[in-house]
Amino acid sequence: MTQSPTIVWIPRDAAARSVGADDVAAAIAREAELRGETVTIKRNGSRGMLWLEPLVEVETAEGRIAYGPVGEDDVAGLFDAGFVTGGAHALHHGPTESVPYFANQERLTFARVGLIDPLDLADYEAHGGLKGLRAALAMTTDHIIEQVTESGLRGRGGAGFPTGIKWRTVADQPDGEKYIACNADEGDSGTFADRMLMEGDPFTLIEGMIIAARAVGATKGYIYLRSEYPDAIATMNAAIAIMEDAGWLGTDIQGSGTDFDLKVRRGAGAYICGEESSMLDSLEGLRGEVRAKPPIPAIAGLFGKPTVVNNVLSFGTVPVILAEGAAHYKDFGMGRSRGTQPFQIAGNVKQGGLVEKAFGVTIRELIEDFGGGTASGRPFRTAQLGGPLGAYVSEAMLDTPMDYEALAEHQAMLGHGGIVVFDDTVDMMEMARFAFEFCAIESCGKCTPCRVGAVRGRETIEKIMRGDNAAENLVLIEDLCELMTDGSLCAMGGLTPMPVRSAIRLFPGDFERAGRTAAQ
Amino acid sequence: MTGSTAEGHGDMVKAICQRHGNDPASLIEIFHDIQAELGFIPEPALTDIAQAINRSRAEVHGVMSFYHDFRRQPGGTVTVKLCRAEACQSMGALELIEKVCARHGVTLGGTSAGGVTIEPVYCLGNCALSPAALVNDRLVGRVTPDRLDKAITEAAS
Ligand SMILES: Cc1cc2nc3c(=O)[nH]c(=O)nc-3n(C[C@H](O)[C@H](O)[C@H](O)COP(=O)(O)O)c2cc1C
Ligand code: SF4
Ligand code: FES
């Protein structure tokens, strides 16, 4: 055969595989063989347009051309249509990077996700990988921390604490054993950015963690990765082995004098282990119970030693900050929310996926312009922002910009950037009940307001559902919420009232209606 | 059966602990590895682990019981984890769970006569392609009862 092989990209991302990417890859290989076409199949991360998965891309002179969602049954037709040269077809979307959903993003943290083979270190470097680390190795540790602080990066795990300040605290502790711990527990419903980064560009996370280690003087690191993510676990382990072989992990990294060992540790299905102190106990082989603060982990963390705990996206954003400079990153965003956030649009939405945008994009733009409205085609009713501990929002709040402070003004929160859309069939009293139920199931049990309050809250809502003294019981719920907010040791019990109260405040009718129906 | 089985597993359990350097901090990894071999954590294993990592049996038991992942009884040959968190609920996960359980003749958490264990889970990170399920280690998106059955059949074979 004389023709040079066409490169066809098919994601290996778990979400793409969950709707048949492996079958499509096999079908394309089979069909190509049958037709005597030379096709090289490469597996990338997902571009984040999850509603188009499996999204197949063909490399042509005009760039990568997208087809999706491709089913096994579409493959023969795609070959008939000449898709290997970018031919027209009902599933053809033109150049991937011109699809508005993708073109209208600002991709910094996710710049390489979907573009490269996640486990090809040369491909990684060719697309700007290791540039940040190389810069960091040439800087003083103070300068690294200054850059991170100057960038305005705030923790992407939910609390939004400035990353540079946390690193400063750890660096300022006396020399000795220190740790870097990556929080990859990603338990929030409606979030999958950590998973996509780990599966689609694992070297970025490792690079960020090495930079952190050098900055604070740590020599050991762990990635606490939830067991619900078997693909991400496999990819991270493979990526660590590759970085070790290439001399980017281990002793005296690239002759810099920096030592850093990194390991993946699996979680075991406990949501609370995403709370940082509970995660540290779990990493020590203990029950994942929340520790009383102080001391903060930066002073006494893993095995009592100073520890940097950051989310996957926080570490994963550090390389681009050091590669392009703090000012470049800081240029994006609004107010005190600098840079970009990988938003995750999920639930009952037509075009669910990952959208990395500068802070300041409105909720409406994400749900309507990117998301395309509800999947069911029914009217929008609400969205929950920031996971199971986050608030529900109403239609009237949709023009609020996504920004830590702006959301707080509306008694809502950004959390880890997840948006779960619901249509008008949702029963907000049921969602409030579920918030309590979830807290009861996942509470670590250490403090009474949470352990007992969550169960009482669920029971009380169930009473209202049965039409039992609705007005009185709503007052009781409010009291319980106050108790949990003020008296809980951590945000699990402390924030469970947020979804509950927002549901009652914004959708009071749902709580009256149920009582009346039951009373009839 | 328990006596000899426990002895038979004793060596395997000890080998797993050793592979983790008998390090108490690796206890959760140790549980995962044992469960990967046996499908559950047999009672006698707790004593073996406790000895190997130099912690009390009560502590080891306390850790195991804290985490939803670990089973004390054998499950079926296929484990299906059905997501019932918010994003999946918005796409009908609760109705789906009811249907799937009815089809297999079990309540959530149980094992069917055909050896399928059906468990709840809270988010699998596939919330844009809800409802989601994990069939053994394979993620399934846009789950319908039929798509799920296909995945179960594939996992069983
Ligand atoms: C109940 C609960 C669950 C949490 N889950 C996560 C999680 O899954 N991932 C995460 O990064 N942070 C989670 N957090 C926040 C962490 O406690 C911590 O703030 C974060 O890991 C710090 O990293 P960052 O500064 O980079 O965000 C959770 C907090 C609470 C209270
Ligand atoms: S609020 Fe709940 S989860 Fe947090 S420490 Fe108290 S009992 Fe544990
Ligand atoms: S909520 Fe079901 S996969 Fe995330």
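When reading the values below, keep in mind they use all heavy atoms of this one structure, side chains included, and skip hydrogens, waters and symmetry mates. Note that the structure is predicted; figures quoted are calculated from it, not measured.
- For A:I272, the part lying near chain B is the side chain, with the backbone staying farther off; criterion is any non-hydrogen pair under 4.5 Å.
- Aromatic ring centres of B:Y122 and A:Y271 lie farther apart than the 6.0 Å criterion allows.
- Between B:C88 atom SG and A:N348 atom CG the span is 11.5 Å, to the nearest 0.5 Å.
- Ranked by non-hydrogen atom pairs under 4.5 Å with chain A, the options B:Q89, B:K81, B:M64 are led by B:Q89.
- Across B:R55 and A:E284, no two heavy atoms sit closer than the pair NH2-O, 3.4 Å.
- Within a 6.0 Å sphere centred on NZ of A:K446, other residues, nucleotides and ligands contribute more than 12 heavy atoms.
- Both the backbone and the side chain of A:R265 have a heavy atom closer than 4.5 Å to some heavy atom of chain B.
- Contact annotation for A:M196: neither backbone nor side-chain heavy atoms come within less than 4.5 Å of a heavy atom of chain B.
- Shown here for B:A25 and A:F303, the closest heavy-atom pair between the two residues is CB-CZ, 3.7 Å.
- Distance check, rounded to the nearest 0.5 Å: CZ of A:R226 to CG of B:D69 gives 9.5 Å.
- Ranked by heavy-atom pairs under 4.5 Å with chain B, the first of A:G352, A:A346, A:C444, A:C273 is A:A346.
- Here the shortest heavy-atom pairing between B:D33 and A:R266 reads OD1-NH2, 2.9 Å.
- Each of A:A268, A:G353, A:A14 has some count of heavy-atom pairs under 4.5 Å with chain B, and the biggest count is that of A:A268.
- Heavy atoms of A:L50 lying under 4.5 Å from chain B belong to its backbone as well as its side chain.
- For chain B, the nearby parts of A:E289 are the backbone and the side chain; heavy atoms of each come within less than 4.5 Å.
- Checked for salt-bridge contact, A:E437 and B:R84 meet the test: a charged N lies under 4.0 Å from a carboxylate O.
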For side chain to side chain donor-acceptor pair (under 3.5 Å), just list the numbers for B:Y67 and A:S282, CA-CA rounded to whole Å, side-chain angles, deciding distance to a tenth of an Å, and then say yes or no.
-> CA-CA 10 Å; B:Y67 296 94; A:S282 190; 2.9 Å; yes
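- In this structure, B:L94 CG and A:E430 CD are separated by 6.5 Å, a value rounded to the nearest 0.5 Å.
- Contact annotation for A:D194: neither backbone nor side-chain heavy atoms come within less than 4.5 Å of a heavy atom of chain B.
- Neither the backbone nor the side chain of A:Y222 comes within less than 4.5 Å of any heavy atom of chain B.
- The greatest number of non-hydrogen atom pairs below 4.5 Å with chain B, out of A:E53, A:Q384, A:R287, A:E442, is found for A:R287.
- Between the side chain of B:H32 and the backbone N or O of A:S227 there is no donor-acceptor pair closer than 3.5 Å.
- The pair B:R138-A:D231 does not meet the salt-bridge criterion, since no charged nitrogen lies less than 4.0 angstrom from a carboxylate oxygen.
- Chain A forms the most heavy-atom pairs under 4.5 Å with one residue out of B:P24, B:A151, B:A133, and that residue is B:P24.
- In this structure, the separation between OH on A:Y229 and CG on B:L134 is 11.0 Å, given to the nearest 0.5 Å.
- Between A:F438 atom CZ and B:C123 atom SG the span is 9.0 Å, to the nearest 0.5 Å.
- Both the backbone and the side chain of A:L286 come within less than 4.5 Å of a heavy atom in chain B.
- Looking at B:V121, the atoms closer than 4.5 Å to chain A (heavy atoms on both sides) all sit in the side chain, from C-beta outward.
- For the pair A:Q344 and B:C127, the minimum side-chain heavy-atom distance is 4.5 Å or more.
- Shown here for B:H68 and A:G269, the closest heavy-atom pair between the two residues is CD2-O, 2.6 Å.
- Top candidate by heavy-atom pairs under 4.5 Å with chain A, chosen from B:L129, B:V60, B:L27, B:I30, is B:L129.
- In plain terms, the two heavy atoms of A:G347 and B:M91 that are nearest each other are O-CG, 3.8 Å.
- Counting non-hydrogen atoms of other residues, nucleotides and ligands closer than 6.0 Å to CD of B:Q73 gives a total of 12 or fewer.
- For B:A87 against A:V420, the heavy-atom pair with the smallest separation is CA-CG1, 3.4 Å.
- Two residues are said to be in side-chain contact when any heavy atoms from C-beta on lie closer than 4.5 Å; A:D188 and B:E86 fail this criterion.
- With a 4.5 angstrom heavy-atom cutoff, B:F31 does not touch chain A via any of its atoms.
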